[in-house]
Amino acid sequence: MKGTVILGIESSCDDTSAAVVRDRHLLSNVIAGQDVHRKYGGVVPELASRAHQQNIVPVVDRALKEAGVSRTEIDAVAFTRGPGLLGSLLVGTSFTKGFTAALGIPMIEVNHLQAHIMVHFIQSEEMQNASPDFPFLCLLVSGGHTQLVLVKDHHSMEIIGRTIDDAAGEAFDKCAKLLGLPYPGGPHVDRLAKQGDAHRFRFSKPRLEGFDYSFSGLKTSFLYFLRDEVKKDPEFVENNKADLAASLQHTIIDILLNKLRGAMEHTGIKQVALAGGVSANSGLRTSMEKEAAAHGWDLFIPPFSFTTDNAAMIAITGYYRYLEGLYASDDIAPLARMYF
Ligand code: KG4
Ligand code: ZN
């Protein structure tokens with residue numbers, strides 16, 4: 001029963017999370033969100049670090065209890081080193097330093113973006129699918145990042161396309177704000193889009209060479225369109241919310257899938273995975289299923305609980321790094337920007 005026990009800590013943005021894995025099996029995954037940001041319409045970094053500071057010990061305590069694991073059974077602690085908000089990352093990093101020093105066990109640094117992709121290797125009841133074989137392509141879509149990643153193995157990943165401006169999640173959130181929806185707007189657009197006509201309005205799509213993305217043009221075209229229509233009819237947004245949400249979501253998905261299709265053809269790879277917060281979007285999930293069926297791709301979609309930020313993804317990444325002896329040194333510091 002022993003196996004390798006890894007505690008994972010995630011604190012890169014506005015969720016404090018701790019999770020425990022025994023080998024690849026997820027034993028617990030506790031997430032404490034931070035409602036304090038809602039009234040500001042976005043994450044306030046200073047408030048986020050304070051909330052992490054309050055949450056971290058109780059969250060870890062609960063994760064260990066739910067896993068039925070005592071502190072002395074933990075082999076190593078994996079933590080998010082970056083990218084993210086520095087003040088938030090510092091809380092997780094400092095906690096990990098103190099905790100591992102007290103127990104005399106190694107700490108393992110994890111790249112948050114790689115970890116989003118690594119959810120596909122978690123074993124839990126929610127994970128129905130088998131894991132993808134290498135190499136596969138991953139469309140990583142979150143609030144801060146949009147990337148096409150060529151995944152060669154558990155440690156080696158190459159970004160073959162990235163956004164040159166806004167991330168897909170940012171496009172959802174910023175446009176949602178213009179519709180008067182609460183932050184983060186992505187899930188609200190998703191919900192409204194189900195009742196709307198996705199072909200009613202058209203917004204601009206980027207014309208970029210290669211596999212890079214751009215979403216700032218869409219945001220501007222959405223803004224100007226609303227501004228012009230509201231001049232004619234002040235009730236326009238209120239009366240057309242569902243169609244606006246559906247058309248916006250349709251455009252974002254179209255942009256995402258166009259580049260993915262090109263990258264799949266270019267690499268000749270037939271396995272594709274989704275990851276990151278925006279992969280919770282029901283329209284994106286359905287469109288990916290249709291696309292995969294049409295092209296004969298094997299598709300891997302994470303369960304909802306592993307799409308947005310969570311520590312299960314940090315723990316599983318930590319487990320694979322532990323197997324390779326990839327430990328962090330005592331003087332390690334978090335990184336707001338971190339590449340792989
Ligand atoms: O991966 P994540 O939790 O945090 C980052 O690392 O950025 O992603 C958060 C993003 C937010 O922009 C949020 O609006 C978006 O994921 N999101 C969604 C949905 N659920 C979360 N976007 C569209 N549809 C959803 N259902
Ligand atoms: Zn994330």
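Whatever order the structure lists them in is the order used to number ligands and atoms, beginning at 1. All values reported here derive from a predicted model rather than from experimental measurement. In this chain, numbering begins with 1 at the start of the sequence shown.
The closest approach between a heavy atom of H116 and any atom of ligand 1 is below 4.0 Å. Proximity of H112 to ligand 1 is established by a heavy-atom distance of less than 4.0 Å. For the pair G144 and ligand 1, a heavy-atom separation below 4.0 Å is found.
Checked against the 6.0 Å centroid criterion, the rings of F172 and H188 do not qualify as a close aromatic pair. Aromatic ring centres of H154 and F121 lie closer together than 6.0 Å.
The shortest side-chain heavy-atom distance between F203 and S247 falls under the 4.5 Å cut-off.
Note: H250 NE2 to L284 CG = 12.5 Å, rounded to the nearest 0.5 Å. Interatomic distance, OG of S142 versus CG of L113, reported as 6.0 Å (0.5 Å rounding). Taking CD1 from I105 and CZ from F99, the interatomic distance works out to 6.5 Å, rounded to the nearest 0.5 Å. For the atom pair CE of M118 and CD1 of I316, the computed distance is 6.0 Å after rounding to the nearest 0.5 Å.
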**OP:** Give the intermediate values and the outcome of ring-ring contact (aromatic ring centres under 6.0 Å, His included) for residues H116 and F306.
**Re:** CA-CA 8 Å; H116 267 300; F306 299 150; over 10 Å; no

**OP:** Apply side-chain hydrogen bond (donor to acceptor under 3.5 Å, both in side chains) to S11 and H52, showing your working.
**Re:** CA-CA 7 Å; S11 73; H52 282 304; 4.9 Å; no

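The minimum distance between the Zn ion (ligand 2) and any N, O or S atom of D309 involves atom OD1.
For atom 22 (N) of ligand 1, the nearest non-hydrogen atom of the protein is G186 CA, 3.4 Å. Among all non-hydrogen protein atoms, the one lying nearest atom 26 (N) of ligand 1 is D190 OD2, 2.8 Å. Ranking protein heavy atoms by distance to atom 11 (C) of ligand 1, first place goes to D173 OD2, 3.4 Å. The shortest contact between atom 15 (C) of ligand 1 and any protein heavy atom is with V278 CG2, 3.9 Å.
Remark: side-chain polar atoms of D75 are not paired, donor with acceptor, to backbone N or O of I6 under 3.5 angstrom.
Atoms of ligand 1 lying under 4.0 Å from at least one heavy atom of G277, given by number and element, are 1 (O), 2 (P), 8 (O), 16 (O), 17 (N), 18 (C), 19 (C), 20 (N), 21 (C). The atoms of ligand 1 that sit less than 4.0 Å from any heavy atom of G169 are 12 (O). Atom numbering of ligand 1 starts at 1 in the shown order; those under 4.0 Å from a heavy atom of T308 are 3 (O).
At least one N/O-N/O distance between G143 and ligand 1 falls below 3.5 Å. Residue P184 has no nitrogen or oxygen atom sitting less than 3.5 Å from a nitrogen or oxygen atom of ligand 1, judged on distance alone. Ligand 1 has no nitrogen or oxygen under 3.5 angstrom from a nitrogen or oxygen of G276.
Residue-level proximity to ligand 1 for D309 is carried by backbone and side chain together, each with a heavy atom below 4.0 angstrom.
Across all non-hydrogen atoms, the minimal contact from S88 to S12 is CB-O, 3.9 Å.
The nearest N, O or S atom of H116 is closer to the Zn ion (ligand 2) than 2.8 Å. Residue H112 counts as close to the Zn ion (ligand 2), with an N, O or S atom under 2.8 Å.
Of all the listed residues (T80, N281, N310, L284), N281 holds the heavy atom that lies closest to atom 24 (N) of ligand 1.
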